[in-house]
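Written out below as C-alpha cells is the structure these notes cover.
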2 protein chains.
Amino acid sequence: MKLSTKGRYAVMAMVDLARHAQAKPVSLSDIATRQEISLSYLEQLFARLRRAGLVKSVRGPGGGYRLARGSAETRVSEIILAVDEPISATRCTEMGATGCRADRSKCLTHDLWEELGNQIHMFLNSVTLMDVLERKLTTRFIEAPPAAANSDSMAAAS
Amino acid sequence: MKLSTKGRYAVMAMVDLARHAQAKPVSLSDIATRQEISLSYLEQLFARLRRAGLVKSVRGPGGGYRLARGSAETRVSEIILAVDEPISATRCTEMGATGCRADRSKCLTHDLWEELGNQIHMFLNSVTLMDVLERKLTTRFIEAPPAAANSDSMAAAS
DNA sequence: TTTAAATCCGAGCAGCCCAGTTGGTTTTTG
DNA sequence: CAAAAACCAACTGGGCTGCTCGGATTTAAA
C-alpha cells in the first residue's frame with residue numbers, strides 16, 4: 001500500500017466520475033477541468049484503472065469512461081492499488097519468504113510496518129466510492145486510546 | 001503524518017536504541033553498523049529527535065544517546081512526527097481554515113484523507129517502543145470486514 | 001464522407017525529496 | 001595531548017511525480 005499523492009489524484013478522479021455518472025460516459029477533459037488535473041496525467045491514470053478493470057472506456061466523440069461496477073462496489077483500496085506500483089515496504093525487501101525473518105535484530109520493526117499496512121488497507125478497503133460521495137466514512141475503527149492516555153504527545157521536553 | 005521511509009529509519013534506530021539501553025549511552029556508530037544505516041544520515045535524524053525531546057545526547061568518548069523517557073513512554077507516532085516534515089495532505093493545502101470547505105466539489109475526498117490520517121496516527125500513537133521490542137502489537141483495531149465482504153478485491157474483470 | 005471528439009500511446013523533462021557523502025567543529029574522556 | 005564521540009552545513013546522485021508534447025486510432029456527429 002503505497003499511499004502517495006498519485007493515488008489521491010486517482011481517487012479524486014474516480015469520485016468525480018462516480019458523481020457525474022449518467023447515461024452518457026464522462027470524458028476525461030470534463031474531469032480534468034473540474035478537478036484541475038492535467039488531461040494527459042489523467043489519461044495515464046485511467047489507463048491503469050482500465051487495465052485493472054475498474055473502469056470501461058467508450059471511444060470516439062461523446063465517449064469517455066464509466067465505472068465498470070457500481071460506485072458501491074468500487075473500493076478505494078482497489079483504486080490506489082491500481083495506480084501505485086506495489087512496492088513492498090519494510091526494507092527487508094522480498095528477499096524470499098523468510099529472508100528477513102532470519103536475523104531478527106535488523107527487522108525488529110518488521111511486524112510494526114506489516115501491521116500498519118494491514119490497518120491502512122483494511123480501512124481503505126472498507127470505504128467505497130459511494131461512501132465518499134455520501135460522506136459516510138466508517139468511523140467504526142478505534143474507540144478509545146488503549147491505556148495511559150498521553151493526550152497528544154509533544155509534551156515532556158527537557 | 002507523512003509516513004515515508006525516512007520515518008521508518010528513525011523508528012528502526014530508536015528501537016535499536018531502546019533495545020541496547022544500559023548504563024552507558026549508545027553511540028550512533030553502533031546503531032549504524034547494527035542497522036546498516038549510514039552514520040551521517042543517522043546524525044541528521046538524531047538531531048531532529050533530540051530537538052523534539054525524544055533523546056538526550058552525551059558528548060565525548062564513551063558518549064552517545066539515551067532515550068529521554070522510557071521505552072514504554074515513547075510512542076512511534078512521536079518519532080515519525082519528529083523526523084518528517086509536517087506536510088499537510090489533501091491538496092487543499094492549508095488555504096486557511098475553511099479554504100477547502102468552500103467549494104466542496106473539488107474536495108469530495110477531503111474527509112477521506114483526513115480520516116485516514118487519523119487512523120494512521122491513532123494506530124502509531126498506540127504503539128510504544130517497548131511494544132515493538134516485545135512484539136506486542138495491538139491488534140485491537142478492526143474486528144471484521146464491515147459488510148459485503150469482498151475478500152481480496154482484484155477479482156471481477158471484464 | 002469529412003470532421004472532430006474522444007480514447008490511446010510513448011517519449012521526455014523539470015523539480016523535489018531521500019539517502020548518503022564530505023569535511024569539518026566542538027566537547028570530553030583517558 | 002590524542003582520540004572518540006556528538007554536532008553542523010553544504011552538496012550530490014538517483015528516483016519518483018506531475019506534467020507536456022506529439023502523435024495514432026476509433027467513432028459519433030455534420
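This structure is a prediction, so every number in the text was calculated from the model and none was measured. Residue numbering restarts at 1 for every chain, and letters A, B, ... go by the order of the sequence lines.
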Check your understanding: Does any pair with a residue in residues 44-76 of chain A pass ring pair (Phe, Tyr, Trp, His ring centres under 6.0 Å), and if so which ones, sequence neighbours excluded?
Key -> F46(A)-Y65(A)
Which nucleotide in the list [options] gets nearest to the side chain of [X]?
| X | options | result |
| --- | --- | --- |
| Y9(A) | dC19(D), dT17(D), dC7(D) | dC19(D) |
| Q44(B) | dT20(D), dT21(C), dC7(D) | dT21(C) |
| S57(B) | dA6(D), dT7(C), dT20(D) | dA6(D) |
| Y65(A) | dG20(C), dC8(C), dC19(D) | dC8(C) |

Filtered N/O pairs between nucleotides 22-30 of chain D and protein, under 3.5 Å:
unit_1: dT25(D); atom_1: O2; unit_2: R59(A); atom_2: NH2; d: 2.8

Atom [atom1] of [X] and atom [atom2] of [N]: how far apart are they, to the nearest Å?
| X | N | atom1 | atom2 | value |
| --- | --- | --- | --- | --- |
| L42(A) | dC9(C) | CG | P | 16 Å |
| L49(A) | dC8(C) | CG | P | 11 Å |
| K6(A) | dC19(D) | NZ | P | 12 Å |
| Y41(A) | dC13(C) | OH | P | 18 Å |
| K56(A) | dC8(C) | NZ | P | 13 Å |
| I31(A) | dT7(C) | CD1 | P | 8 Å |
| L39(B) | dA4(D) | CG | C1' | 12 Å |
| R51(A) | dT7(C) | CZ | P | 15 Å |

Give a yes/no answer on whether the side chain of [X] brings an N or O atom under 4.0 Å of OP1 or OP2 in [N].
| X | N | value |
| --- | --- | --- |
| S38(A) | dT20(D) | yes |
| R48(A) | dC9(C) | no |
| R50(B) | dC8(D) | yes |

Review point. Is F46(A) touching bases, backbone alone, or none of the nucleic acid, heavy atoms closer than 4.0 Å?
Key: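 It contacts nothing in the nucleic acid.
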Check your understanding: So what does L28(B) hit on the nucleic acid, given a heavy-atom distance under 4.0 Å: a base, only sugar-phosphate, or nothing?
Key -> sugar-phosphate
**Study point:** L133(B) side chain near L129(B) side chain, heavy-atom distance below 4.5 Å
**Key:**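 No, their side chains stay 4.5 Å or more apart.
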Check your understanding: Are N118(A) and H121(A) close enough that some pair of their side-chain heavy atoms sits under 4.5 Å apart?
Key -> no
Exercise for review: May I have the step-by-step check of side-chain hydrogen bond (donor to acceptor under 3.5 Å, both in side chains) for S40(A) and S38(A), ending in yes or no?
Suggested key: CA-CA 6 Å; S40(A) 300; S38(A) 102; 5.1 Å; no
Review point. Could you give the distance from CD (Q35(B)) to CG (L17(B)), rounded to the nearest 0.5 Å?
Key: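 If I round to the nearest 0.5 Å, the distance is 10.5 Å.
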Check your understanding: How long is the span from the CD1 atom in I31(B) to the CZ atom in R19(B), to the nearest 0.5 Å?
Key ->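 Rounded to the nearest 0.5 Å, the CD1-CZ separation comes out at 13.0 Å.
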Check your understanding: Listed by chain and number, what are the salt bridge (Lys or Arg N to Asp or Glu O under 4.0 Å) partners of R66(B), not counting sequence neighbours?
Key -> none
